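Keep in mind that what you see is a predicted model, and the values were worked out from it rather than measured. Values reported hereafter were calculated over all heavy atoms of this structure, with side chains retained and with hydrogens, waters and symmetry mates removed.
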2 protein chains.
Amino acid sequence: MAHRQDQQRRASIHDVASRAGVSAATVSKVMAGVTTVKPENAQRVFDAVEQLGYRIDPLASDMRRAKRRIIGAIMPEFESEFFGQMVTQLESLAEQRGYTLVAASSRESEAREKEILVRMHDWRVAGVVLAPVRNEHGPAADFMKANGMTGVLIDRVLSDDAFDTVSADSAAASAEVARELIAKGHRHILVVGLGEQAATMRARLDGFRTTALKLAPDVRIDVVLAETDVEPLRAQLREYFAKGERPTAVYSLFLKGTLVALSEFRRRGWHCPNDISLVGFDDAEWMQVTWPAIAAVVQPVRQIAGHAMEALFARIEGGEGPPIARLEPCRILMRESVGSPGNGPHSGGGQ
Amino acid sequence: MAHRQDQQRRASIHDVASRAGVSAATVSKVMAGVTTVKPENAQRVFDAVEQLGYRIDPLASDMRRAKRRIIGAIMPEFESEFFGQMVTQLESLAEQRGYTLVAASSRESEAREKEILVRMHDWRVAGVVLAPVRNEHGPAADFMKANGMTGVLIDRVLSDDAFDTVSADSAAASAEVARELIAKGHRHILVVGLGEQAATMRARLDGFRTTALKLAPDVRIDVVLAETDVEPLRAQLREYFAKGERPTAVYSLFLKGTLVALSEFRRRGWHCPNDISLVGFDDAEWMQVTWPAIAAVVQPVRQIAGHAMEALFARIEGGEGPPIARLEPCRILMRESVGSPGNGPHSGGGQ
DNA sequence: GTGAAAGCGCTAACAT
DNA sequence: ATGTTAGCGCTTTCAC
């Protein structure tokens, strides 16, 4: 360990050079692991580095190359388990390759998403992992294209003509949910979602509807889609139930929808699965400890992160070829919130 | 909007300078908003900037100064609402001051925490917001001290002799919880926590115990503290209940503890609040939509983030004086998971 | 008012 | 095998 009681100024490569009695270029070579340096000099450099506590300044070092060893990550939010795990994974993978991940939250705003992208462009990041607020056609992706940035799109995307995309296989997962619900006897199902993320929600809805109708042509599928926000969804859902609609199951296409559905059930005094069944897209830790445990579609975060980074680095290293759209398979956890219709009181009533 | 179909190389300050017919120094001044530039020249610079789509390279610009306009944030994890909100807030506040936040997850490892800090030191960040894995006495804080880094410690800390600290007022919140539980008639209460974070857990435990004993000297308070990890806690809790212990309420000192408690209740078929009451430190969105809703201590994330950044920037700007330890008041949400003892079946069995 | 020159800390091409 | 030189893109004296 180096001893430096006062760190007025950090040791620079020149300090090391003069202490070791060599030039800065030689120090640079030694640090880079070039083998053509005389062992004796290399040793002197190592000693000087040790004594001065020298460390390369990665940002200064990046100054010379066109791209810096930095990967930008833009997530719609940091508050959910899904994106939290995603950032953690991405960070890990970036570091494994000697890069630093700089993550930013667009806070579900496309305008902010674009601003962050501009900043990352200013920073000359080597690449960007963008989880767009809406879909692949936002201003952020346009900006990336217009400026020739290297990037991968994840999560709320299906495919793109300029960037590789990686997301959960929404359609297949939804088909599986449909299979389960139909098998349990449900013939009146409400699907709730958010219209804003057109492509993803559409895939989830279609995947569900197609399979459900195929297995049970008589099934009734209602859909409540809020345009951009969660509170309107709550209002629409409330209105839907107020009209007297009584589906036997609800399939929520996104996490917040599951929370809204649960809170509306509470309001009406309905319990899962006796009064109504519930499945949600997106799992969360709490869903397995509540009573009833909530059934959910588990997105393969690690696979998405892994393949996204793989694709990104392939492009950073010059990989050519048309964009690739990956869909990662999900798991379905059918927990207690799903039952068969008609097994419970199935009536309104107090809490 | 600037038009640049191919972005071989981004426009540099020299490109702007030559296009505007002035020197790079003048461009720099214009960009910095210096007023001593002839208006006509300033205009030419603005035009050139516009036409070339020029943007300052913030990293290159920081090269000259000792500290960069970057704030580092180190959180124990990104997966929980608490730290997700914290990062979001910190990011926002940093940006408001023209800084970029670079967040990293120590993944609950002190070794990794230190590594991240080393990297941030290499990056010459202006300051660090550290939410330590354990407490203020870890290797990371030592490293910061030894290297004269500017920083603030938050969350799992009480006070420090070198850095300002900001955290939730654990003791006061716990006292309030004690007041509520005692008032409801509970006289046998189990407290669960994690020993690793000595200071914080101690404050929560002591705050609870002191007030509970003062209000009801006959109260029995059991404590199950796991050393470092959550799974051992689950095992200890299971063993505790297996011995036949039947407290009427559980107070969990941290979020994961609340989840573990809930899952152990499930295992034994106990329902809140009839069979047992539950309050947890740390709120989460799902807690208000489950049935029963789970009572929780809400940490004031915004205040913590706000005061942390305030303190940090004060130091960055040269503020002197002894370290300040702030405690931010919490709110208690007494929800349905808390009832009075003896109102339910209070027997084992069930699903 | 403005620009030339000197760097921030590093690396890479080119000599030697 | 090593050092010299010339930058990366910017800012900041300090003369003019």
Query - Contact under 4.0 Å: A/T26 side-chain N or O vs D/dG3 OP1/OP2 - result: yes

Query - Verdict with supporting geometry, A/F313 and A/I71, side chain to side chain contact (heavy atoms under 4.5 Å, CB included) - result: CA-CA 10 Å; A/F313 278 107; A/I71 299 294; 4.1 Å; yes

Report task. Salt-bridge test for B/R156 and B/E108: reply yes if a basic N is under 4.0 Å from a carboxylate O, no otherwise. Result -> yes

Query raised in the report: Could you write nucleotides 6-16 of chain C as a row of B, S and -, 5' to 3', where a protein heavy atom under 4.0 Å of any base atom gives B, of only sugar-phosphate atoms gives S, and otherwise -?
Result: BBBBBBB----

Report task. Return yes if some donor-acceptor pair links the side-chain N/O of A/R55 with the main-chain N/O of B/R119 below 3.5 Å, else return no. Result -> no

**Report entry** Partner set under salt bridge (Lys or Arg N to Asp or Glu O under 4.0 Å) for A/R326, not counting sequence neighbours
**Finding:** A/E328

Requested in this report: Starting at atom CZ of A/R44, determine the distance to atom P of D/dA1, rounded to an integer number of angstrom.
Outcome: 17 Å

Query raised in the report: Considering residues at least two apart in sequence or located in another chain, which fulfil the side chain to side chain contact (heavy atoms under 4.5 Å, CB included) criterion with B/A311?
Result: B/V152, B/D164

